[in-house]
Amino acid sequence: MRVRFAPSPTGQMHIGNARTAIYNWLLARGPERATFVLRVEDTDPERSSEANVAFLLDALAWLGLDWDEGPIRQTDNTARHQAALATLLVDGRAYRSRAGAAEVAAYRATHGAERGFRGEDDGEGAVRLRVPDTGATTFTDVIRGEIATPNVSMDDPVIARADGSVLYNFAVAVDDIDAQITHVLRGEDHISNTPRQLLVMEALGATPPVYAHLPLIRDESGKKLSKRHGAASVQQLRDLGYLPEAVVNYLSLLGAGFAADEEFFTPQELAQRFRLAAVSKSPAVFDERKLRHLNGQHLRALPVEELTRRLQAFTGADVDLGPAVAICREKIQTLADFWPLAGFLYDGPADDPAAAAKWLGSEEQIATLRAARDRLAQVPTWDVASLEAALSDLLDELGLKPGQLYQPIRVALAGRTVSPGIFETLAVLGPEASLARIDRSLTTRG
RNA sequence: GCCCCCAUGGUCUAGUGGUUAGGACGCCUGCCUUUCACGCAGGAGAUCGCCGGUUCGAGCCCGGCUGGGGGUACCA
């Protein structure tokens with residue numbers, strides 16, 4: 001079994017493309033052990049650049065998707081393309097035509113809208129493939145079953161420009177045969193291209209691969225996902241603080257056809273479970289909130305040291321984030337959530353007037369904070385257990401509700417009403433910094 | 001216009017002739033609790049797109065329709 005992922009390098013890697021890559025990889029790393037071929041479709045010089053190819057490879061690497069052969073460039077196959085083109089021309093399966101869009105439109109105007117364009121051999125011009133006038137081109141899609149297209153409805157497709165440069169539908173067919181691809185997994189938007197490619201293969205006397213057309217991923221409005229609505233590329237997801245394993249997990253779930261009783265899977269588990277025939281036929285809407293949820297699960301499944309490593313890289317911080325990560329892990333869902341929650345440990349208290357007004361605005365609150373300060377100063381061992389014991393005792397003595405004691409402390413330390421656990425925060429800050437921050441609040445507010 | 005594909009709560013889905021239509025995200029309530037989260041327990045939310053047919057019986061099978069999407073490029 002040989003599969004391939006053959007994107008055109010358009011810069012950022014679209015989420016739909018990522019899903020296609022993932023499904024191919026799943027097949028390659030699952031029980032089937034398919035050989036995964038990576039091919040870059042660069043026949044269109046308009047959009048293919050080295051920088052874009054680099055983006056592509058970078059995205060695959062980030063996702064953790066490795067391949068077995070390639071990356072091969074479609075343009076490297078030029079000799080094969082030309083040979084195949086010559087064969088078709090000699091055999092009369094293709095012809096040179098000067099007809100352009102105007103001629104095609106005129107043809108349809110006189111022959112009926114349901115009839116595809118049929119040209120004449122002009123001996124020069126672009127190369128068109130001869131499509132039969134009768135019958136239908138059919139194939140059995142693994143996911144959708146039999147799909148038939150009446151030949152008469154198809155135009156004779158242009159497969160090469162007048163200068164000999166080949167076009168997508170021709171190059172793909174030749175390349176897939178060349179690479180001995182057995183299973184083509186690609187987006188649903190290629191269903192209509194398949195008959196044309198099949199016709200090319202047939203004209204070349206080749207046996208076509210098996211096709212599996214994956215449903216598209218849509219945005220909230222039902223359209224193809226685009227940058228206009230939130231994240232549309234894997235690079236964006238990375239910048240938003242999502243973990244690659246969560247992205248792979250989430251994207252796999254969109255249409256994988258797994259039983260719905262479980263949703264958290266490692267890439268390896270996904271590969272183990274993946275079954276091509278079970279893939280859903282209907283398109284799915286990309287739901288970032290569910291990705292967030294799954295991301296939180298993956299994030300918490302990571303060992304603290306590993307999560308710290310990733311946060312270190314994500315934030316670019318040069319201080320050791322380890323202690324902060326340990327106390328924030330349960331409270332964040334993306335890497336991007338970390339700094340807003342934990343930054344005060346390093347940058348000092350945030351400036352939130354509303355928080356200060358609410359918890360450090362009255363005489364009683366200041367008095368409570370002072371009492372807490374005095375008690376903390378006497379804590380023999382500055383660790384979570386001792387801090388909790390000391391403040392808990394004070395709480396009883398003062399006869400206050402927990403929030404009445406803890407919130408003023410929290411605001412003094414963090415400058416905000418939201419922070420990691422108060423004892424953990426004190427422990428990570430250490431006695432000097434903790435007491436200094438409290439003192440500062442006491443002097444400015446008191 | 002023409003060709004093709006799709007259709008279960010807001011979203012992702014399970015379900016293949018007999019179920020109170022199951023799960024997850026999100027939302028609401030409660031518990032936990034020093035905040036926010038996490039976790040746990042509940043709850044609201046679905047005329048299974050519509051009409052007709054087959055059948056004792058249809059979300060599941062058939063037909064039509066509607067809606068959505070894709071293609072219709074000398075782009076990929």
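Residue numbering restarts at 1 for every chain, and letters A, B, ... go by the order of the sequence lines. Values below: every heavy atom of this structure, side chains too, minus hydrogens, waters and symmetry copies.
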Any donor and acceptor pair, going by atom type alone, linking the side chain of [X] with main-chain N or O of [Y] inside 3.5 Å?
X: A:Arg196; Y: A:Ser192; value: yes
X: A:Gln365; Y: A:Gly361; value: yes
X: A:Glu388; Y: A:Val384; value: no
X: A:Asp156; Y: A:Arg130; value: no
X: A:Arg93; Y: A:Leu88; value: no
X: A:Ser386; Y: A:Trp382; value: no

Which nucleotide, if any, forms a Watson-Crick or G-U wobble pair with [N], using both distances under 3.5 Å?
N: B:U16; result: none
N: B:G52; result: B:C62
N: B:G9; result: none
N: B:C2; result: B:G71
N: B:A41; result: B:U29

[X] near the nucleic acid: base, sugar-phosphate alone, or nothing, with a heavy-atom cut-off under 4.0 Å?
X: A:Phe423; answer: base
X: A:Thr417; answer: base
X: A:Arg196; answer: sugar-phosphate
X: A:Ala126; answer: base
X: A:Ile147; answer: sugar-phosphate
X: A:Gln297; answer: sugar-phosphate
X: A:Pro150; answer: sugar-phosphate
X: A:Ala99; answer: base
X: A:Ala101; answer: nothing
X: A:Gly112; answer: nothing
X: A:Asn193; answer: base
X: A:Ser419; answer: base
X: A:His213; answer: nothing

[atom1]-based separation of [M] from [N] [nearest Å]:
N: B:G9; M: B:C65; atom1: C1'; result: 24 Å
N: B:G23; M: B:G15; atom1: P; result: 15 Å
N: B:U8; M: B:A14; atom1: C1'; result: 10 Å
N: B:U11; M: B:A7; atom1: C1'; result: 15 Å
N: B:G39; M: B:G59; atom1: C1'; result: 35 Å
N: B:C62; M: B:G69; atom1: C1'; result: 24 Å
N: B:A44; M: B:G10; atom1: C1'; result: 13 Å
N: B:U13; M: B:C6; atom1: P; result: 15 Å

Which of these nucleotides, [options], is closest to any side-chain atom of [X]?
X: A:Ala113; options: B:G10, B:C2, B:C38; result: B:C2
X: A:Val418; options: B:U35, B:C74, B:U72; result: B:U35
X: A:Glu263; options: B:C74, B:G70, B:A24; result: B:A24
X: A:Leu167; options: B:C74, B:A24, B:G70; result: B:C74
X: A:Arg108; options: B:G1, B:G69, B:C74; result: B:G1
X: A:Ala284; options: B:C12, B:U11, B:G70; result: B:C12
X: A:Asn169; options: B:C6, B:A24, B:A76; result: B:A76
X: A:Arg300; options: B:C74, B:U72, B:C38; result: B:C38
X: A:Glu188; options: B:A76, B:C12, B:C5; result: B:C5

key: Residue met sooner reading RNA chain B from 5', once A:Val285 and A:Ser282 are mapped to nucleotides   =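 Nearest nucleotide further toward 5': that of A:Ser282.
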task = Map A:Arg289 and A:Ile191 onto RNA chain B by nearest heavy atom, then report which one ends up closer to the 5' terminus.
result = A:Ile191
Calculate the interatomic distance between [X] atom [atom1] and [N] atom [atom2]; express it in whole Å.
X: A:His298; N: B:C38; atom1: NE2; atom2: C1'; value: 16 Å
X: A:Phe170; N: B:A76; atom1: CZ; atom2: P; value: 13 Å
X: A:Lys331; N: B:C36; atom1: NZ; atom2: C1'; value: 6 Å
X: A:Arg292; N: B:C38; atom1: CZ; atom2: C1'; value: 14 Å
X: A:Asn249; N: B:U13; atom1: CG; atom2: P; value: 14 Å
X: A:Ile143; N: B:C4; atom1: CD1; atom2: C1'; value: 16 Å
X: A:Leu413; N: B:C36; atom1: CG; atom2: C1'; value: 15 Å
X: A:Glu114; N: B:G1; atom1: CD; atom2: C1'; value: 10 Å

request  = Report yes if a donor N or O on one partner sits less than 3.5 Å from an acceptor N or O on the other, where the partners are the side chain of A:Lys281 and the base of B:A7; otherwise report no.
outcome  =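 Not at all, since no donor on one side and acceptor on the other fall under 3.5 Å apart.
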message = I want to check one thing: is the phosphate of B:A7, taken as OP1 and OP2, less than 4.0 Å away from some side-chain N or O of A:Arg144?
response = no
query = Given B:C36, is OP1 or OP2 found less than 4.0 Å from the side-chain N or O atoms of A:Gln407?
reply = no
task = Could you tell me how the ring of A:Tyr168 sits relative to the ring of A:His190: parallel (under 30°), tilted (30 to 60°) or perpendicular (over 60°)?
result =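 Tilted.
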inquiry  = Quick one, A:Asp175 and A:Arg4 - any side-chain contact, counting heavy atoms below 4.5 Å?
reply    = no
inquiry  = Checking side-chain contact (heavy atoms from CB on, under 4.5 Å) between A:Pro195 and each of A:Thr138, A:Thr149, A:Ile147, A:Asn169, which is the one that passes?
reply    = A:Thr149
ask   = Between A:Thr334 and A:Asn295, is any side-chain donor less than 3.5 angstrom from a side-chain acceptor?
value =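 A:Asn295 and A:Thr334 do not have a side-chain donor-acceptor pair below 3.5 Å.
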